[in-house]
Amino acid sequence: MSPDTLEKAYEPHEVERRWYDFWEANGLFAAREHDAGRGYSIVIPPPNVTGVLHMGHALNNTLQDILCRYRRLRGDNVLWMPGTDHAGIATQNVVERKLAQQGTDRHALGRERFVAEVWAWREKFGGAIIHQLKRLGASCDWARERFTMDEGLSRAVRRVFVDLYDQGLIYRGLYIINWCPRCRTALADLEVEHEEVDGNLYHIRYPFPQGGGGITVATTRPETMLGDTAVAVNPEDERYRGLGAESVILPLMHREIPIIRDGYVDMSFGTGGLKVTPAHDPNDFEIARRHDLPSVKVIGDDGRMSEAAGRFAGLDRFECRNHVVRELSDAGLLEKTVPYRHKVGHCYRCKAAVEPNLSRQWFVRTQPLAEKAIAAVKEGKTRIIPESWAATYFDWLENIRDWCISRQIWWGHQIPAWTCAGCGEVAVAMEAPAVCPKCGDSRLVQEEDVLDTWFSSALWPFSTMGWPEETALLKKFYPTAVLVTGFDILFFWVARMMMMGLHFMQAVPFRDVYVHALVRDEDGQKMSKSKGNVIDPLEIIDRHGTDAFRFTLAAFAAQGRDVKMSEKRVEGYRHFINKLWNAARFALMHVDRRRELPDLKELGLADRWILARLCRATAETARALDAYRFNDAAAALYAFVWHEVCDWYLEAAKPALHGKLDDAARQRSLAVLWRVLHDTLILLHPFIPFVTEEIWHKLPGAEGSIMRAAFPADGAAAPQDPTAEAEMGVLIEVISGIRNIRGEMGIPPGMALEALVHPVTPAARTLIETQRDLVLNLARLRDIRITDSTDRPKASATSVTPGATIFVPLEGIIDFARERERLGKELAKIDKELASVAKKLQNHDFLAKAAPEIVVKVRDQQQELLDKQRKIRVNLDKIREYDSTS
RNA sequence: GGGCGGAUAGCUCAGCCGGGAGAGCGUCGGCCUUACAAGCCGAAGGUCACAGGUUCGAUCCCUGUUCCGCCUACCA
């Protein structure tokens, strides 16, 4: 195969590897912080080091890559900052599972060796997702790749922690937090997934000390009763006036606990009695504070009952529930058990049921930070797109609660706080202090806990650019242009980056937040391993190529709607890639070297038409991408390439290209073809980078990488040619009319026909005369005759178009019944349209109140329809006449 | 409990500021026309969920209803 011809079908795999290597080797992804040129930056949502590329990543990164490649073509100095997230709990879990397989665990190793083990794991497997992103074509500036645990980012984390602590925005305290007994760590509220489960509501009677009676409470978690320290009723509740007792006996534990009155209690729920378990329920914790009640922690950190649970100690919490219920029932204190559907919190990492637990943890005081994050969006400093997500963003930030940031795991940024063994002073500092700042004791013990993974993620837009140093990178590229993300991490990540960015950089981290949809399976189900409906992006890429896959994602990425992915759809777009490939193949059979575009005046109609359409496609692509309307851009390009370039232009240009016309015509067509292919490749490149680069290098006169090309001029700078568009429109109608007759009348394509054309205006006559060859060729006619008479050959089929009425003589072939049916069908359509138009024009209110240009438009419409109706009727009548006489 | 989104052709979905309902796939009929059968030409197919309202005019704006999906919340 010679260098300037193409294979018959596009084979993506070898091409993709070759060009990706080429781009990387030539530094085409590199940002230049010291260069002029408008800076455009995006920071990647860092995938977990444990991650493997899934559909969500594929969509997210395809959209980012489209934007980055587009901005480069527009001449911007683009930084796409890549990296990965250490993913504290997730990664620790992965390595712990590996250790379990080896018959050991982290406690046997000890902290230091375990952490070393995780680093080793990361060295070996952590790069997988990066390789996968490269297969997707992601044009990140890989030389700058960062990791949330690397030295620079860790410094940024410590700096932020220390500053927030000094500013009173980080504190430590004893509160009810969400505890995962499986991961054995605290979780933030956000990290708890609430799921509906079928449970029971147990009604338990707590008898009075004197025996008998008592107060009945209802609970879904009876095992927590072992830690009850009061029973509460509403002070307004008539049922509990004058009880004659101020306490009850806690069953099974035989502990006397007080009856308290608190407005929190909902009188309408159950019996109006509430058991109070301060150590295992956030509301009860608050009630206990108000009433100065003690706390009894009966569930331990491992999910088993603690010593405080007396004889139940050591039982698993769920096992204990069964024991408690049985014993209560035996004691006659279980009044009833009703099935109850309620939500239970689960750990977002391991799915174990979360236990609210009293615990000493570190918190970020979020409210002051949230206020600024709200204001920034309200003031338009950051736009959220689509706008509907702003409401969700505001709602969460307005009701934000303090953020529990400490985790009882080993993999992560260890909290930079040291406790003095001598005086108990807590010192918070960037580096370990040598001695206690208060008493001078050197026995300092660092806090064991690490920080929530999302704490370091919150700093990502500036920590990756070198903060807290004042780097050239920050100066050039902060704030970033846009953050592209799924809505699932709007709170986890986006809102927190807003808070931290505003606090530490005094500027928003991004001007736009583009929130894209979720990728689901073809039935709209969320993809999950347990459902077995996961489609692996890499398998899709293997089978159909990266470009087809990317184009599919872009084409389905309509704002505010989930993407339903199925292999079938990718297949459809693979056909598109192949169509482009073959169009190029055809073009390259003719185009030999670059030619200047001749004057518009010298060009043929089809040439002028396609250039005008190219100009529109360019403007539409730019408009759509500037507005994050990826699907609009993809649809516009698809339609342009397939239905305008391939279906009409290439077909129209064939005679000239094949040398059937004069050489000047051939040269002109070649120049236009070159221009159309050249610009179209650039327009498509952000979406389908590989195939466009491959074709680009076969295109004579196209220099270097397509990545360095300039986006075509759109709008005023490019040829606007409404005349060509209108004239070509008339011809397309004429040709389609003839094709319709052929198809409907069942005439084989091989049979050459002749047509008699009656133009409606002298201009149309001239047009058809001058474009005679084009019509002959595209309508597959033997001959075309132009007539001033409306007389029609006897046995002929008719097509009425806006520019001309066409008669196709079908002597000996015509099936009169069929033609009658065809015209009748068309007439019925016109009658229907005419009726609705007439209704409008008979309406005085419409004439008086509608915009004048609309009225004019409707009048013109009516005129056209009436004209067409009249012509069809005449022909229908004649057909009837002939039919009856023949 | 609060909030958000969706309902348009057989399927999957576009449809920005109200003014003659679109695409892809699928279906039907005809074609190996020297770029492409992963293709070409032609065609059929819709009460724009339902009920009201605003308007000269509503798939589009407003209200309500039904169904589906999602987010969020400390009612045991």
For R401(A) and for D845(A), find the nucleotide of RNA chain B with the closest heavy atom, then tell me which residue's nucleotide is more 5'.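 Taking each residue's closest nucleotide, the earlier one in sequence belongs to D845(A).
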Hey, which of these two, Y638(A) or E864(A), hits RNA chain B nearer its 5' end, going by closest nucleotide?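 On the 5' side of the pair lies E864(A).
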Does the plane of the ring in F363(A) sit parallel, tilted or perpendicular to the ring in Y175(A)? Use 30° and 60° as the thresholds.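 Ring orientation, 0 to 90° scale: perpendicular.
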Relative to each other, are the rings of F551(A) and Y573(A) parallel, tilted or perpendicular (30° and 60° limits)?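 The rings of F551(A) and Y573(A) sit tilted, inter-plane angle from 30° to 60°.
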By the 4.0 Å heavy-atom rule, please label [X] as base, sugar-phosphate, or nothing.
X: E833(A); answer: base
X: Y340(A); answer: sugar-phosphate
X: V265(A); answer: base
X: I287(A); answer: nothing
X: Y573(A); answer: nothing
X: D395(A); answer: nothing
X: K275(A); answer: nothing
X: H280(A); answer: nothing

Do K654(A) and F586(A) meet the cation-pi criteria used here (NZ or CZ under 6.0 Å from the six-membered ring centre, within 45° of the axis)?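 The answer is yes, since K654(A) meets both limits relative to F586(A).
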F556(A) six-ring face occupied by R569(A) cation (under 6.0 Å, within 45°):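 Yes, R569(A) sits over the ring of F556(A).
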Considering only the [atom1] atoms, how many Å lie between [N] and [M], rounded to the nearest integer?
N: C60(B); M: A9(B); atom1: P; value: 15 Å
N: C48(B); M: G20(B); atom1: C1'; value: 15 Å
N: U34(B); M: C40(B); atom1: C1'; value: 14 Å
N: A49(B); M: C36(B); atom1: C1'; value: 42 Å
N: A23(B); M: G18(B); atom1: P; value: 24 Å
N: C11(B); M: G46(B); atom1: P; value: 13 Å

Pairs counted as Watson-Crick or G-U wobble with both distances under 3.5 Å: what dot-bracket string results for RNA chain B, using | for bases tied to another strand? (((((((..((((.....[..)))).(((((.......))))).....(((((..]....))))))))))))....
Using a heavy-atom distance cut-off of less than 4.0 Å, which residues of residues 848-857 of chain A contact RNA chain B?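 Listed by number, they are K849(A), A850(A), A851(A), I854(A).
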Roughly how many Å is it from CZ in R569(A) to P in G26(B), rounded to a whole number?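 Checked: the CZ to P distance equals 12 Å.
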Take nucleotides 28-38 of chain B nucleotide by nucleotide from the 5' end and write B, S or -, depending on whether a protein heavy atom sits under 4.0 Å from the base, only from the sugar-phosphate, or from neither. --SS-B-BBSB
Is the glycosidic torsion of C70(B) within 90° of 0, making it syn, or is it anti?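 It is anti.
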Within the 6.0 Å centroid threshold, strictly below: F487(A) and Y393(A):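 When the ring centroids of F487(A) and Y393(A) are compared, they turn out to be at least 6.0 Å apart.
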Donor-acceptor contact present, side-chain H280(A) to main-chain P356(A), <3.5 Å: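 It does hold such a pair.
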Minimum-distance nucleotide to R739(A) side chain [options: G42(B), C71(B), G5(B)]: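 For R739(A), the side-chain atoms sit closest to G42(B).
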